[in-house]
Amino acid sequence: MNIKKILSLSQVLSKNSEMQMPDRTLYKVLALIAALGIMIPCTVIVGFISYVMTEALLEAGSPGGGILFELQILSAFSMVFGILVIFSILFFSSDREHFVTLPIPTHHLMMAKFFYAYFAESVMEFLVLIAVFVGYFLAIGRNLGALQALHPVGIIGSILGVVLIPLVPMIYCAIFSLILMACLSGVKSTGIFYRLSTVFLLIFAALFVYSLRGIGEVNMENYVESLGSGKNSLLQTLNIVFFPVPWLSKAISDSSVLYLLLYIIGNVFLLAVLYLIGKALYQKGLYTAASLGSSKKARIAAKDIKVESQHMASLKKELRVILRTKAFSGNCAYINVLWPVGAFLLFHFTKDKGTIAAFIDMYASGKDRADMILLIVMLSIAFIATALNSLASTAFTREGQHLSLLKFIPVSYETQIRAKFDVCILFTYPMLLLTDIIICVYMKTPVSTCLIFAGMMLMAHIIAIFIGMLLDSVSPYVEWDDEYSALRGNLNTFFNMAIMMVIAFVVAVLGILLYEVIKLPIAVYYIVLAMVLAAVMVRMIMTTPTKIAQNIDNM
């Protein structure tokens, strides 16, 4: 295996598959806000969790149990969410036909694509892993002393862990892709493969639920105790699947050079297995991918063309692009289900204890401050949920290299913009409304208040949609190789999240000023905030479509 050539080819793939930062001060400011508001807070939270879990397991007599469990959970999630990314990059990226005609061994191309996907998908995970190890060493240093925490073997092991923990699950994903694609040669459909990530997620969820058996009352203390005793079935299973990770945990906790060497050898062995399987099966998989693409195009061409209104035709086109593309359907449409499900789980399991129970009691006692906080939470959910699904911030990016067709098809810009706007509403607002209902049921708010929340969340949602669409129309990312690159490499999604976080923060500060400083009665506070949102929304409805149309003309 010629590592130098493979890594060089991987760098070429990376440079051609990521959106370049626009050379504008605004984008640099947004990048800084996103880093400070998203990446750093996430890593700090993860580090704190690692610190707390390590301390708890130190008391239970298992100093390495906490970091082992965290690393295994990260490995499992990497595999669940990486399988479709690897599959798409290996077999359905738009550069496939170009590279297979070059004098490059197909297995070298496969390894280059693998390393590109590995590094591209693992950037945020590298930061999370750094936080995990920092939290672990801080807890070890506080309880066992600085010498134990700063042992050279542990430090070297943690550095290797940051780089290599995502490697094993990505190798498994690539091996599954190669084997399954080779087996699909007579199936002529990738549907079975696209359901595989769902199967993995269900298996992982089932293992987690099964691991709760026998721990008594379901709470963090009992679960941590099961981890410390080594009887947690989820951890036992993950230790078998991701077998090098326990070696790394032992190397760090016991300062063992032997286990560190075993960890390195385990990763090299799995990488060699991937190389050999790729050498045997990747060429066959590429032929299968080509035939699947042809059959799909033939089925589409065979359908009758129906005459309908331009808006309805444009809307159906948007719906088909999202629902028929696994990357878009999962990351843009179905992700919205997380909000009502998360709200239900949060209130269902914590309504009788902790902060949530105290807040419910505070609201039930008629405290106006609880009303103010609840409204800010609802509006923040509306802003952030709209940005998180990236429907608006990829409105034009989803067109890819066909973006110029927007100018030439006999459909007005206003109609196309409205269709893209409507699809954001259809996929997001019903889930926001359901989240509103669930929270209001648990908080026992009056129906009138629930309706007010629904109306104000709709205004916040509309504002967020227009901002996302406007941002994407200024600098759409169209030179992407596959749909996952369109989402992962699109800086507009990242910047839109930064803007929404700033807006949510401004709304929170405005609410606090109106209530705590100006001392507005709660009813007047609601009215003032609603008027501000309505004024901004109306302004954007009147001006933003025109600006977006002008940006389309300049594309």
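Note that the numbering runs from 1 along the sequence shown for the chain. Fair warning: this is a prediction, and the values are worked out from it, not measured in the lab.
Atom CZ of F453 sits about 8.5 Å away from atom CG of L379, to the nearest 0.5 Å. Taking CE from M170 and OG from S78, the interatomic distance works out to 7.5 Å, rounded to the nearest 0.5 Å. Note that CZ of F466 is 10.5 Å distant from NE2 of H461, once rounded to the nearest 0.5 Å. Taken to the nearest 0.5 Å, the OG1 atom of T386 stands 8.5 Å off from the CG atom of N496.
A cation-pi contact links K420 to F396, judged by a cut-off of 6.0 Å to the six-membered ring centre and 45° from its axis.
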Test M378 against C440 for side-chain contact (heavy atoms from CB on, under 4.5 Å), laying out the working first.
-> CA-CA 10 Å; M378 291 295 197; C440 287; 4.2 Å; yes
Could you go step by step and tell me if L388 and W339 meet the side-chain contact (heavy atoms from CB on, under 4.5 Å) rule?
-> CA-CA 11 Å; L388 186 65; W339 293 99; 3.9 Å; yes
Can you check side chain to side chain donor-acceptor pair (under 3.5 Å) on T415 and S412, steps first, answer last?
-> CA-CA 5 Å; T415 299; S412 67; 2.8 Å; yes
CA sep, side-chain torsions, deciding dist, call: I467, I503, side-chain contact (heavy atoms from CB on, under 4.5 Å) = CA-CA 11 Å; I467 291 175; I503 292 176; 3.5 Å; yes
Test log, rule side-chain contact (heavy atoms from CB on, under 4.5 Å), inputs L406 and V411 = CA-CA 8 Å; L406 297 181; V411 180; over 6 Å; no
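In this structure the side chain of F176 reaches within 4.5 angstrom of the side chain of M79, judged on heavy atoms. Using a 4.5 Å cut-off on side-chain heavy atoms (C-beta onward), F126 and I165 make no contact. M443 places a side-chain heavy atom less than 4.5 Å from the side chain of I360.
No donor-acceptor distance shorter than 3.5 angstrom exists from the side chain of Q310 to the backbone of Q416, with no hydrogens or angles considered. Formation of a donor-acceptor pair under 3.5 Å by the S122 side chain with backbone atoms of F119 is not found in this model.
Y526 and D371 form a side-chain donor-acceptor contact under 3.5 Å, judged by distance and modelled atom types alone. Side-chain contact of D472 with T397: a donor-acceptor pair under 3.5 Å is present, judged by distance alone.
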Could you list the donor-acceptor pairs under 3.5 angstrom formed by side chains in residues 421-435, with sequence neighbours left out?
{"from": "D422", "atom 1": "OD2", "to": "H311", "atom 2": "NE2", "distance (Å)": "2.7"}
{"from": "T428", "atom 1": "OG1", "to": "N389", "atom 2": "ND2", "distance (Å)": "2.8"}
{"from": "T428", "atom 1": "OG1", "to": "C424", "atom 2": "O", "distance (Å)": "2.9"}
{"from": "Y429", "atom 1": "OH", "to": "A454", "atom 2": "O", "distance (Å)": "2.8"}
{"from": "T435", "atom 1": "OG1", "to": "M431", "atom 2": "O", "distance (Å)": "2.7"}

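Residues passing the ring-ring contact (aromatic ring centres under 6.0 Å, His included) test with Y172 are F242, sequence neighbours excluded.
Here the rule is side-chain hydrogen bond (donor to acceptor under 3.5 Å, both in side chains) with Y413, and of T546, N551, D553 only D553 fits it.
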